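Everything numeric here is computed off the predicted structure, so don't read it as measured data.
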Amino acid sequence: MDVYELGEGEPEVAVVGAIHGDEPCGVRAIRRLLDADPDVERPVRLIVANEPALDAGVRYRDADLNRVFPGNPDAEAYEVRLAAELLDAVEGCTTLAIHSTQSYPEPFAVIDSMDEVARATAPHLPVDAVVQTDAFTEGRLIEHPHTIEVEAGLQGTENAADNAYWLTRAFLAAAGALPAPGAEDVVDAGGREDVAVFRLRDRIPKPAAEEYEVFARNFERVAAGDRFAAADGEPLRAKESFYPVLLSPYGYRDQFGYVADRVGTLE
């Protein structure tokens, strides 16, 4: 784990990249911010988490880091030890964790529950959706207080790296550490009231097959009876209406993605 700090004093704001080693966009955002060397109003901690996996270009070395929090410093698996170390590094910080997907090109936010951190931060981020995952957060960093995730775009793309940087800048503005892009000071961080909120309801399992396809679009309603995917050419149809989230043919080994409900907008 590599840790950098901007400003003087003990940081109360943190940004984490490379929780997954095959998602380099967060690290590129951190390096871009370090190169810019901005004057911060509050000290900020910047963390490159899983360096061995990042160097190898793989998701993880021994275990999926974003499934093993709070970790154990005495564990045999590298990521289980790293999870405990990372939690210590972000203790007391409002934290942004940066990810990317194989399913959706635009940025969106992921939260455990709609707490005050999510309500204060998410409207200031350049996202069109917030996904509440409280039934599916076991072992993930967002299970812990004052943490919000963002999915910056498609894994490995320039667009995701650029999105990750502006998401970071917007998060730091919402946290009072930097002015918002185009703003005069840290108070003028902007705000939005049209961010759709979705809540995960269930997983979408994959039947055994050699080839998979998806036809539905993430965050767009699938009506009951509609074909949303196929396995070896056999269509899969919705038993009831739902909104797909993280839907992709090969993003997960044993599921297409998630069933979600649209539960409102941020106010």
Side-chain angles (χ1 to χ4, degrees), residues 11-17 19 23 25-26 29-30 33 41-42 44-47 66 69 90 92-101 103-137 140-153 159-160 162-183 185-201 218-220 243-246 257-258 260-267:
E12 297 179 349
V13 181
V15 177
V16 183
I19 285 178
E23 298 174 7
C25 60
I30 286 170
L33 190 66
E41 297 292 325
R42 300 176 67 191
V44 177
R45 181 166 290 148
L46 305 171
I47 302 172
N66 211 30
F69 288 101
V90 300
C93 292
T94 300
T95 302
L96 178 74
I98 305 172
H99 292 267
S100 55
T101 80
S103 61
Y104 193 67
E106 301 303 324
F108 61 93
V110 183
I111 60 172
D112 175 40
S113 60
M114 191 57 69
D115 60 14
E116 68 270 15
V117 173
R119 290 190 181 278
T121 304
H124 300 286
L125 301 179
V127 299
D128 293 322
V130 173
V131 177
Q132 185 174 335
T133 65
D134 50 346
F136 301 92
T137 53
R140 294 174 64 166
L141 183 57
I142 56 170
E143 188 177 17
H144 300 276
H146 314 302
T147 302
I148 188 166
E149 282 185 5
V150 288
E151 298 285 355
N159 190 54
D162 195 50
N163 287 342
Y165 176 73
W166 292 111
L167 286 160
T168 299
R169 290 293 304 260
F171 167 77
L172 294 177
L178 282 177
D185 55 50
V186 294
V187 176
D188 184 15
R192 303 175 57 195
E193 297 180 352
D194 59 345
V195 180
V197 180
F198 298 84
R199 186 176 186 184
L200 299 189
R201 175 166 31 110
N218 283 288
F219 302 113
E220 294 186 12
Y243 288 87
V245 172
L246 292 168
Y258 293 90
D261 298 312
R262 181 168 175 164
V263 294
T265 58
L266 289 181
E267 298 178 358

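- Among all heavy-atom pairs drawn from Ile98 and Cys25, the shortest one is CG2-SG, 4.0 Å.
- To the nearest 0.5 Å, atoms CD (Glu106) and CG (Asn159) are separated by 6.5 Å.
- Counted within 6.0 Å of CD on Glu143, heavy atoms from surrounding residues, nucleotides or ligands total more than 12; the atom is thus considered enclosed.
- At least one donor-acceptor pair under 3.5 Å links the side chain of Glu151 to the backbone N or O of Ser100.
- Within the 4.5 Å cutoff, side-chain heavy atoms of Tyr165 are placed close to those of Leu33.
- To the nearest 0.5 angstrom, Tyr258 atom OH is 8.0 Å from Thr133 atom OG1.
- With contacts defined as side-chain heavy-atom distances shorter than 4.5 Å, the pair Asn66/Glu149 qualifies.
- When all heavy atoms are compared, the tightest approach of Ala196 to Thr265 is CA-CG2, 4.1 Å.
- Summarising the geometry, atom CZ belonging to Phe171 is positioned 6.5 Å from atom OG1 belonging to Thr95; distances are rounded to the nearest 0.5 Å.
- The minimum heavy-atom distance between Leu96 and Leu167, with the atom names listed, is CD2-O, 4.2 Å.
- A donor-acceptor contact shorter than 3.5 Å links the side chain of Thr147 to the backbone of Pro145.
- Summarising the geometry of Ile148 relative to Ile142, their closest heavy-atom pair is C-CG2, 4.1 Å, with the distance given to 0.1 Å.
- Here the shortest heavy-atom pairing between Ser103 and Leu246 reads OG-CA, 3.4 Å.
- Taking both residues in full, the closest heavy atoms of Pro123 and Arg119 are given as CD-O, 3.2 Å, listed atom of the first, atom of the second, then distance.
- Formation of a donor-acceptor pair under 3.5 Å by the Arg42 side chain with backbone atoms of Ala175 is found in this model.
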Show me the donor-acceptor pairs, under 3.5 Å and distance only, between side chains in residues 109-116 and residues at least two apart or in other chains.
{"residue": "Asp112", "atom": "OD1", "partner": "Thr137", "partner atom": "OG1", "Å": "3.0"}
{"residue": "Asp115", "atom": "OD1", "partner": "Val117", "partner atom": "N", "Å": "3.2"}
{"residue": "Asp115", "atom": "OD1", "partner": "Ala118", "partner atom": "N", "Å": "2.9"}

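- Legend: residues meeting ring pair (Phe, Tyr, Trp, His ring centres under 6.0 Å) with Phe198, ordered by chain and number and at least two apart, are Phe219, Tyr243.
- Note that the CD1 atom of Ile19 and the CD1 atom of Ile47 stand 9.0 Å from one another [nearest 0.5 Å].
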